[in-house]
Amino acid sequence: MSVYERIAELLNSAEIAFDTLRHEPVYTSEEAARVRGAELASGAKALICKVDSRFVMFVMPADRKLASREVRTQFQARSVRFASREEVAELTGLQPGSIPPFGSLFNLPTYCDAALAAQPRINFNAGDHAISINMSYADYAIAERPEIGTFSVSS
């Protein structure tokens, strides 16, 4: 089952409405916002990071970046780094940029930046550079149950 199919099954089983958009492959948040006809801030950017010895997923608006220093402090961690392409592939079977904001699909804890909650609707790639999902942020929070905090800063 593809990652998109796993997300659709998760959302359908919870009776959560979502829209699917098939489009040209996109590789940056800016390209994705353009093909979706959406604001950059509504993009739910999923970043896989290694915090000390464990991998986690951070989800934030696409117009923001990871606040590494603050994350290190909050997690009382010695180190925080982005997962390598190889680590991302090993953990998810996906390429960077196609990862949906559902760490639960990959047995990763999900930490969502509070700034994303300001968006009534969010958009994200669904395991493929050419498939996006649009859904309400409130439904995303119900489906994924991420830990909410401040993990980003303005780009």
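The hydrophobic cluster containing V35 also includes V26, under a criterion of side-chain heavy atoms closer than 4.5 Å among ILVMFWY residues, counted directly or through chains of members.
The hydrophobic clustering, which links ILVMFWY residues whose side-chain heavy atoms are closer than 4.5 Å, places V56 and L108 apart. Residues V51 and I148 do not share a hydrophobic cluster, clusters being chains of Ile/Leu/Val/Met/Phe/Trp/Tyr side chains in contact below 4.5 Å. V153 and L66 fall into different hydrophobic clusters, defined by Ile, Leu, Val, Met, Phe, Trp and Tyr side-chain heavy atoms under 4.5 Å apart, directly or through other members. In the hydrophobic clustering of this structure, L94 groups with F55; members are Ile, Leu, Val, Met, Phe, Trp, Tyr whose side-chain heavy atoms approach within less than 4.5 Å, directly or through other members.
Annotation for E5: atom CD counts as buried by contact number, over 12 foreign heavy atoms lying within 6.0 Å. Atom NZ of K65 has 12 or fewer neighbouring heavy atoms from other residues, nucleotides or ligands inside a 6.0 Å radius.
In this structure, I48 CD1 and T110 OG1 are separated by 9.5 Å, a value rounded to the nearest 0.5 Å. Distance check: S2 OG to I131 CD1 gives 6.5 Å after rounding to the nearest 0.5 Å. A distance of 11.5 Å separates CG in L105 from CD1 in I99, rounded to the nearest 0.5 Å. Here the straight-line distance linking atom CD of Q76 with atom CD of Q74 works out to 10.5 Å at 0.5 Å rounding. The CG atom of N125 sits 10.0 Å away from the OH atom of Y27 when rounded to the nearest 0.5 Å.
By the side chain to side chain contact (heavy atoms under 4.5 Å, CB included) test, E147 pairs with Y111, sequence neighbours left out. Partners of S79 according to the side chain to side chain contact (heavy atoms under 4.5 Å, CB included) rule, which considers only residues two or more places apart in sequence or in another chain, are D52. For E87, the salt bridge (Lys or Arg N to Asp or Glu O under 4.0 Å) partners two or more places apart in sequence, or in a different chain, are R81. Remark: E24 engages R34 in a salt bridge (Lys or Arg N to Asp or Glu O under 4.0 Å) (not counting sequence neighbours).
A 4.5 Å side-chain heavy-atom check between M60 and L116 finds every atom pair outside the cut-off. Counting heavy atoms from C-beta outward, F82 and P96 have side chains that stay 4.5 Å or more apart. The closest side-chain heavy-atom distance from F106 to V3 is below 4.5 Å. Considering only heavy atoms from C-beta on, I16 comes within 4.5 Å of M135 through its side chain. Here the side chains of D128 and S98 are not in contact, with every heavy-atom distance at 4.5 Å or above. Side-chain contact between V59 and P146 is absent, with no heavy atoms from C-beta onward closer than 4.5 Å. Residues F102 and R6 have side chains not in contact (no heavy-atom distance under 4.5 Å, counting atoms from C-beta outward). Between N134 and R36 the shortest side-chain heavy-atom distance does not fall below 4.5 Å.
The closest donor-acceptor contact from the side chain of D113 to the backbone of S152 lies under 3.5 Å. With S132 contributing its side chain and L21 its backbone, the two residues share no donor-acceptor pair below 3.5 Å. Between the E30 side chain and the L40 main chain, no donor and acceptor come within less than 3.5 Å of each other.
P101 and A44 make their closest contact through CG-CB, 4.1 Å (heavy atoms, listed as atom of the first residue, atom of the second, distance). Residues G97 and H129 share a closest heavy-atom pair of C-CE1, 3.7 Å. Between M57 and G103, the shortest heavy-atom distance links the atoms SD-N, 3.4 Å. In terms of heavy atoms, P100 sits closest to A126 at CB-CA, 4.4 Å.
Ring planes of F151 and F75: tilted class, angle from 30 to 60°. Ring pair F124/Y140 is tilted by interplanar angle, where 30° to 60° counts as tilted.
Applying the side chain to side chain donor-acceptor pair (under 3.5 Å) test to every pair with at least one member in residues 39-49, sequence neighbours left out, gives these pairs: S42-N123.
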